[in-house]
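One structure below.
Residue numbering restarts at 1 for every chain, and letters A, B, ... go by the order of the sequence lines.
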Protein chains: 2
Amino acid sequence: MDSAQDAAEGYRPWSEVTPDAARRLLVAAVDAFAERGYHATTTRDIAGRAGMSPAALYIHYKTKEELLHRISRIGHDKALDILTTAADGPGCAAERLDAAVRSFVRWHAAHHTTARVVQYELDALAPEHRSEIVALRRQSDAAVRRILTEGVASGEFDVPDVAGTTLAVLSLCIDVARWFSAAGRRTPDEVGALYADLVLRMVGARPRPQK
Amino acid sequence: MDSAQDAAEGYRPWSEVTPDAARRLLVAAVDAFAERGYHATTTRDIAGRAGMSPAALYIHYKTKEELLHRISRIGHDKALDILTTAADGPGCAAERLDAAVRSFVRWHAAHHTTARVVQYELDALAPEHRSEIVALRRQSDAAVRRILTEGVASGEFDVPDVAGTTLAVLSLCIDVARWFSAAGRRTPDEVGALYADLVLRMVGARPRPQK
DNA sequence: AGGGAGGGTGAGCAAGCGCTTAGCGTTCTC
DNA sequence: GAGAACGCTAAGCGCTTGCTCACCCTCCCT
């Protein structure tokens with residue numbers, strides 16, 4: 001069901017993971033981690049979902065944690081790419097904020113299993129992997145903050161607390177991964193549109209500079 | 001550090017749990033679950049934090065899951081109490097929404113360890129316990145939705161999608177438990193004030209009826 | 001003083017965990 | 001067509017897990 005959306009975006013998930021068996025294992029791990037959590041997932045479960053014996057996992061990955069790290073890294077790269085593309089894109093601050101929130105939320109909804117692992121299993125990473133990922137997250141924060149700062153400077157936005165509002169905007173988007181269900185009534189596009197509107201209200205977006 | 005805030009609110013956490021040893025175990029479990037997650041926490045760790053032998057846990061609780069259930073139940077009761085108190089309180093819709101978000105967020109920040117367990121370990125509950133808790137959550141949702149509906153009816157709010165906005169407001173507040181750190185720069189009160197303002201903007205709160 | 005109840009411990013069981021190793025079949029190389 | 005390389009499996013090792021059990025200590029009641 002994600003594949004239609006992905007094809008439309010020209011985005012084929014996990015295509016960067018080779019060989020095929022390694023990708024199947026990784027996709028199985030994403031499903032298992034999202035469903036039961038990293039610690040509650042066994043390597044036997046992952047291998048089983050991929051249609052392999054438990055030992056097959058260790059041909060392609062040194063440890064279970066390496067699997068999580070790969071997932072987290074790829075997911076964070078994608079999330080950061082979405083945000084920086086919007087932040088550095090064309091249009092006024094309001095248009096870029098709309099695009100950022102809309103696409104970021106859409107990704108979290110459409111790929112909510114992946115996003116759940118990416119956003120909620122950070123603490124399960126080994127310390128050195130964790131700090132690598134945290135650096136990526138700081139870049140995401142910076143991208144959103146940049147849009148807000150520019151909007152305030154141009155007079156489009158009314159934001160008393162840029163740092164706090166940045167935090168809130170990202171938090172709002174990220175939490176979509178927790179509650180979104182494919183069985184629910186809303187499509188990723190609808191949630192993206194709703195959230196973009198809510199965020200523009202949060203920053204007090206006005207039509208254009210008014211000095 | 002929570003205790004000053006709690007005393008000010010006349011709220012002493014876990015006072016309903018007796019005897020003393022059972023409370024100590026429960027508090028230890030909250031810390032451990034919040035820090036490492038339910039599945040990654042061992043019963044030996046919980047007992048150790050409470051200064052007891054591993055077997056002592058099973059005098060007061062039948063299983064590790066019963067501990068989680070007790071924590072989740074007490075936490076959800078408190079959260080629901082906060083929201084319904086605000087929703088049924090005095091004042092116009094904007095004042096009640098402000099109070100609801102402010103106190104709900106303040107609780108999530110001040111008790112972020114408890115809140116983290118309450119909000120993010122739902123899936124670790126046994127099915128029958130899970131559905132009991134889900135029912136409480138639906139009541140929380142209803143309380144917020146009530147405020148929004150009344151605000152729209154009175155002309156105070158401009159909300160095109162009440163159900164979606166309710167979801168977003170709760171989501172925003174709940175996610176505070178994920179990112180809030182006592183070591184951070186913001187106090188629970190400050191975050192509560194910031195979020196109350198952001199939410200009032202989200203619902204397009206206007207001074208008063210304007211027909 | 002004696003007895004029972006409740007809170008606690010040390011040792012340990014069965015099961016399941018992450019991960020390893022010896023070996024098998026297939027494919028590619030020269 | 002021999003032999004290395006690769007992808008994979010069956011079996012299992014050492015360890016940790018949630019939980020149990022036999023026993024002990026300290027009260028309190030009579």
Output the rounded distance in Å from [atom1] ([X]) to [atom2] ([N]).
X       : N      : atom1 : atom2 : value
A:Tyr38 : C:dG18 : OH    : P     : 8 Å
B:Tyr58 : D:dT17 : OH    : P     : 11 Å
B:Leu67 : D:dG18 : CG    : C1'   : 12 Å
A:His60 : D:dG7  : NE2   : P     : 6 Å
A:Leu57 : C:dC17 : CG    : C1'   : 13 Å
B:Arg23 : C:dG7  : CZ    : P     : 14 Å
B:Glu66 : D:dG18 : CD    : C1'   : 14 Å
B:Arg36 : D:dT17 : CZ    : P     : 9 Å

Keeping A:Ser72 on the side-chain end and A:Leu68 on the backbone end, is there a donor-acceptor pair under 3.5 Å?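 Here the side-chain-to-backbone pair does not exist.
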
Under a 3.5 Å distance rule, please check whether A:Arg96 uses its side chain to pair with a backbone N or O of A:Ala87 as donor and acceptor.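 Such a contact is found between A:Arg96 side chain and A:Ala87 backbone.
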
Candidates [options] - which lies nearest the side chain of [X]:
X       : options               : result
B:Pro19 : C:dG7, C:dG18, D:dC19 : C:dG7
B:Lys64 : D:dG18, C:dC17, C:dG8 : D:dG18
A:Thr63 : C:dG12, C:dC19, C:dG8 : C:dC19
A:Ile59 : C:dG8, C:dC19, D:dT9  : D:dT9
B:Arg44 : D:dG12, D:dT17, D:dC8 : D:dT17
B:Thr42 : C:dC19, D:dT9, D:dT17 : D:dT17

Once the angle between the rings of B:Trp107 and B:His111 is folded into 0 to 90°, is it parallel (under 30°), tilted (30 to 60°) or perpendicular (over 60°)? tilted

In terms of ring plane angle, is the pair A:His69 and A:His129 parallel, tilted or perpendicular, where the classes change at 30° and 60°? parallel

Is any side-chain N or O of A:Ser53 closer than 4.0 Å to OP1 or OP2 of D:dC8? no

Whether B:His39 contacts D:dT17 is assessed here as follows: a side-chain N or O lying under 4.0 Å from the phosphate OP1 or OP2. Is that the case? no

Modelled atom types, side-chain donor and acceptor of B:His39 and B:Glu121, under 3.5 Å: no

Would you kindly compare A:Gly51 and B:Ala55 by the position of their nearest DNA chain D nucleotide and give the one closer to the 5′ end? A:Gly51

